[in-house]
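Lettering of chains follows the sequences in order, A, B, ..., and the numbering in each one begins at 1.
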Amino acid sequence: MKIATWNVNSVRSRLERLTNFLFRHQPDIVCLQELKCLEEVFPYNEIRAAGYFAAVHGQKTYNGVAVLSREEADEIRCGFEDNVEDSEARLIWARFGNMQVISVYVPNGSEIGSDKWHYKLAWLERLQKYLIINFPDKDSPLIICGDTNIARDQLDMADPPAWENTVLYHPDIVRPFESILKGGLVDVFREKNPEGKIYSWWDYRQLAFPRNDGLRLDYILTSRPLAARCTAAYVDRDERKGEKPSDHAPVLAEFD
DNA sequence: ATGGTAGACGCTCTA
């Protein structure tokens with residue numbers, strides 16, 4: 001089983017890249033973030049022609065998440081369903097038999113102390129609560145993929161001092177993220193690449209990609225029994241090259 | 001403190 005996660009930065013402007021990616025890798029599941037479109041204009045036909053079903057939680061201009069799959073999901077749910085008023089499409093859950101897959105797009109946070117920063121902190125608390133309430137069986141097959149907008153530690157940053165106390169690396173977000181992991185999830189990329197210094201995002205500006213001045217912001221997290229069956233995890237850097245790349249490269253993991 | 005780039009939308013916001 002092959003799983004991928006990719007912040008595509010607009011699914012419509014990245015459609016040809018995405019279908020080529022699907023053809024090249026033949027993943028079973030792909031979690032997408034930053035669709036930047038409503039469900040009614042999501043390119044279902046092209047994705048279906050590429051051999052995939054799509055569970056979509058869309059939003060105009062911003063955010064938007066999806067789960068693409070070879071087999072159609074048995075059940076789909078959007079958002080935390082926690083009665084908090086929230087118009088941002090940042091989480092979708094899909095069930096395939098007893099396996100559950102979640103695509104997440106954690107808020108960026110803009111600037112420390114800003115309204116968006118406080119929204120990010122609150123969102124992470126809601127995510128933690130959501131996981132505790134909805135996934136009490138820590139041994140059931142669960143996969144959470146997405147752009148967390150969080151680097152865990154120095155191994156996830158090319159230039160750690162540059163990111164100290166920014167919205168992408170700050171104790172107030174690293175702490176809850178580590179707490180979520182301790183709740184029974186494994187960062188399978190880290191497990192397979194303990195030496196770190198491999199990134200999934202590079203700013204479009206200042207030649208960040210050619211200088212490999214990146215961060216690892218995109219994660220594949222799984223429950224422990226699934227993680228034990230992970231055979232490989234890697235970043236497809238080629239997708240950050242060439243014409244019109246997303247600023248994120250896909251992260252992939254394979255399971256026996 | 002600013003600006004560098006990209007995408008969607010509509011002359012600005014978000015990342």
Side-chain angles (χ1 to χ4, degrees), chain A residues 5-21 31-44 46-47 56-66 79 85-92 103-124 127 145-152 156-159 161-170 172-174 177 199-219 235-251:
Chain A
T5 185
W6 193 7
N7 177 325
V8 288
N9 186 19
S10 169
V11 70
R12 289 181 294 174
S13 72
R14 223 67 63 200
L15 186 54
E16 193 178 347
R17 259 187 193 271
L18 176 58
T19 53
N20 288 341
F21 171 81
C31 292
L32 299 176
Q33 301 86 35
E34 281 210 85
L35 305 178
K36 292 188 170 181
C37 70
L38 282 166
E39 193 184 347
E40 50 259 45
V41 290
F42 182 88
Y44 281 104
E46 292 86 344
I47 296 299
V56 176
H57 185 25
Q59 185 183 330
K60 189 177 179 180
T61 311
Y62 305 117
N63 312 315
V65 287
E85 191 175 335
D86 189 350
S87 58
E88 304 199 7
R90 296 182 175 275
L91 183 145
I92 187 166
S103 179
V104 294
Y105 178 44
V106 178
N108 169 284
S110 189
E111 302 278 340
I112 302 284
S114 66
D115 289 350
K116 292 188 174 64
W117 169 249
H118 291 292
Y119 175 70
K120 181 178 195 172
L121 300 180
W123 202 92
L124 285 168
L127 176 61
C145 295
D147 176 0
T148 65
N149 273 311
I150 298 170
R152 290 182 67 186
D156 293 331
M157 301 179 269
D159 182 10
W163 299 100
E164 201 68 43
N165 290 317
T166 66
V167 294
L168 302 180
Y169 181 69
H170 186 285
D172 289 353
I173 52 169
V174 174
F177 188 41
Y199 314 113
S200 66
W201 171 83
W202 301 261
D203 199 305
Y204 280 124
R205 299 165 288 192
Q206 296 168 321
L207 300 172
F209 183 65
R211 294 189 295 110
N212 195 28
D213 183 10
L215 296 179
R216 187 173 71 107
L217 302 178
D218 301 273
Y219 294 78
V235 172
D236 181 3
R237 285 179 56 90
D238 289 344
E239 284 298 349
R240 187 63 177 75
K241 301 172 183 172
E243 291 290 299
K244 282 188 49 134
S246 167
D247 47 351
H248 294 252
V251 180

Candidates dA15(B), dG3(B), dC9(B) - which lies nearest the side chain of Arg205(A): dA15(B)

To the nearest angstrom, the CG-P distance between Asp203(A) and dG4(B) comes to 13 Å

From the options dC9(B), dA15(B), dA6(B), select the nucleotide whose nearest atom is closest to the side chain of Arg12(A). dC9(B)

Taking only the C1' atom of each, what is the distance from dC9(B) to dA15(B) in whole angstrom? 15 Å

Residue-phosphate contact under 4.0 Å: Arg14(A) side-chain N/O, dG7(B) OP1/OP2: yes

Lys244(A) NZ to dT5(B) P: how many Å, rounded? 16 Å

If you look at every strand shown and take non-hydrogen atoms under 4.0 Å, does Tyr105(A) touch a base, only sugar-phosphate, or nothing? sugar-phosphate

Only one of Ser246(A), Pro245(A), Pro250(A) passes side-chain contact (heavy atoms from CB on, under 4.5 Å) with Arg17(A), and that residue is Pro245(A)

Using the P atom in both, what is the distance from dG10(B) to dT14(B), to the nearest Å? 14 Å

Starting at atom CD of Glu239(A), determine the distance to atom P of dA6(B), rounded to an integer number of angstrom. 17 Å

Arg90(A) has a side chain; which of dC9(B), dA15(B), dT14(B) sits nearest to it? dA15(B)

From CG of Asp247(A) across to P of dG4(B) the rounded distance in Å is 18 Å

Whole angstroms only, please: what is the CH2-C1' distance between Trp123(A) and dA15(B)? 16 Å

Of all the nucleotides listed (dA15(B), dG7(B), dC9(B)), which has the minimum atom distance to the side chain of Lys60(A)? dC9(B)

Roughly how many Å is it from CH2 in Trp201(A) to P in dA6(B), rounded to a whole number? 14 Å

Determine the interplanar angle of the His248(A) and Trp201(A) rings, folded into 0 to 90°, and report it as parallel if under 30°, tilted if 30 to 60°, perpendicular if over 60°. tilted

Proximity to the side chain of Gln206(A) - top-ranked nucleotide from dG4(B), dG7(B), dA15(B): dG4(B)

For Asp147(A) and for Thr61(A), find the nucleotide of DNA chain B with the closest heavy atom, then tell me which residue's nucleotide is more 5'. Thr61(A)

Residue closer to the 5' end of DNA chain B, Ser10(A) versus Gly109(A) (nearest nucleotide): Ser10(A)

Polar contact flag, side-chain donor to acceptor under 3.5 angstrom, Tyr105(A)-Glu34(A): yes

Measuring only the P atom in each nucleotide, how far is dC11(B) from dA1(B)? A whole number of Å is fine. 30 Å

Give the ring-plane orientation class for Trp6(A) versus Phe21(A), where under 30° counts as parallel, over 60° as perpendicular and anything between as tilted. tilted

Interatomic distance, Lys120(A) NZ vs dA15(B) P [rounded to whole Å]: 10 Å

Which atom pair, heavy atoms only, marks the closest approach of Thr61(A) to Lys36(A)? O-CG, 3.2 Å

Nearest-angstrom distance from the residue atom OH of Tyr62(A) to P of dC13(B): 8 Å

